[in-house]
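This report concerns only the one structure given below.
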Amino acid sequence: MIPRSLQGQQPPRWQSLLAEAVTDVDTLWAMLELPLRELPAARRAARAFRLRVPRGFIARMRRGDSNDPLLRQVLPLGAELESVPGFGNDPLAERDAMPVPGLLHKYPGRVLLTLTGSCAVNCRYCFRRHYPYSEANPSREHWPATLDYLRRHPEISEVILSGGDPLTLSDRRLRAMADDLAGLPHITTLRLHSRVPVVLPERVDDPLLDWLAANRLNLVLVIHCNHGNEIDTAVSDAMRRLAGAGVTLLNQSVLLRGVNDSTDALCALSRRLFAAGVLPYYLHQLDPVAGAAHFAVDDARARELIEETRDLLPGYLVPTLVRETPGERSKTPL
Ligand SMILES: *Cc1c(COP(=O)(O)O)cnc(C)c1O
Ligand code: SF4
């Protein structure tokens, strides 16, 4: 259904691209000419957690190679269906830190809003793959309560829009929320965590840049990019435009076996990010979510990788290796 505000108007191009994302395993197999013997397991895994990947992201993958580092991130595998001890459904115990549905206040001074369950891409390692989004969406009926909570907590200076992916929401809604937040004098910074500028750079269009540039808050965008091959010309151009709108650009990655668990991959990623005007922020150890155990890299190897990276790159290109621990007041550096 087309929202009333858009009737008689063309929806933005990114929304059509989002709707055209590939969600069918057989289509992905045909597009990338993947080995057919892996198809039945992929179909089964996609039934438990749906495949979703924009066509522009598929275009950056190598054909015929099921080990492509971009493909690995979205490829449903039979291994996801195995239950592995220690990998559960709410690895971060987030349901305990929610004073208003969808508002996470775990860390002093900043809150995180899970605005939507929608994403432009379904990442197989995602720690929110079992998250109760439908009961935890503050953006509509809980928005007044969210603002009220912020009003009662003048020590909060930063609001983080997360999800799902906040940039799957319309600019109209995002702009309205950003304006409301800017109306609270103690809020100084608006941060967005999004994978959309990487997997669907067309999202960074004029209407988005307009409301970002018009807002009084300090703006931070943390993109989620795990491998240098994700950054093509369209992504670099999007980054340049965001920087032009005054947005500070950072990246966070998840350390993923078979994707970026080598010094070469981590160094190349940092260099590509820097060339696009983005600084590395965090490298996350995988959250132990059911279905993602095959991505796990052990702590000793993770430390070794980050040490080797530190030898080879300037300090400002080395992300902080962290883990999220339930109940801690910040991410835990390793
Ligand atoms: C990661 C996270 C933040 C932000 O942490 P920073 O260290 O400031 O990046 C805030 N709230 C929650 C619930 C988080 O998970
Ligand atoms: S975009 Fe983020 S929230 Fe969405 S599936 Fe990927 S990792 Fe999870």
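Every number for a ligand or one of its atoms is a count from 1 in the order of the listing.
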Answer yes when D171 and R203 have at least one side-chain N-carboxylate O distance shorter than 4.0 Å, and no when they do not. yes

Any salt bridge between R72 and D68, counting N to O under 4.0 Å? no

Should one rank P166, C123, G164 by closest heavy-atom distance to atom 6 (Fe) of ligand 2, which comes out on top? C123

Which one holds for E324 and ligand 1: side chain close, backbone close, both close, or neither close, with close meaning a heavy atom under 4.0 Å? side chain

Using 2.8 Å as the threshold, say whether any N, O or S atom from C119 sits that close to atom 4 (Fe) of ligand 2. yes

For atom 5 (O) of ligand 1, the option (of Y281, Y282, Y107) bearing the nearest heavy atom: Y107

NZ/NE/NH1/NH2 to OD/OE distance under 4.0 Å, K106 and E324: yes

Residue pairs passing the ring-ring contact (aromatic ring centres under 6.0 Å, His included) test where at least one lies in residues 312-334, sequence neighbours excluded: F274-Y316

Contact atoms of ligand 2, heavy-atom distance to V121 under 4.0 Å: 1 (S), 4 (Fe), 5 (S), 6 (Fe)

Does ligand 1 have a heavy atom under 4.0 Å from the side chain of I160, from its backbone, from both, or from neither? side chain

Could you list the atoms of ligand 2 found under 4.0 angstrom from a heavy atom of R195? 1 (S)

Check this for me: does any side-chain nitrogen of one of R191 and E158 sit under 4.0 Å from a carboxylate oxygen of the other? yes

Where does E158 meet ligand 1, judged by heavy-atom distances below 4.0 Å: at the side chain, the backbone, both, or neither? neither

Could D237 and R240 be called an ion pair, given the rule that one side-chain N must be under 4.0 Å from one carboxylate O? yes

What part of R329, side chain from CB on, backbone N/CA/C/O, both or neither, has a heavy atom under 4.0 Å from ligand 1? neither

Does E230 come within less than 4.0 Å of R195, counting only side-chain N to carboxylate O? yes

What about R191: any of its N or O atoms under 3.5 Å from an N or O on ligand 1? yes

Taking 4.0 angstrom as the limit, do D299 and R323 come out as a salt bridge? yes

Name the option, out of Q252, E328, H193, K331, that contains the heavy atom nearest to atom 2 (C) of ligand 1. K331

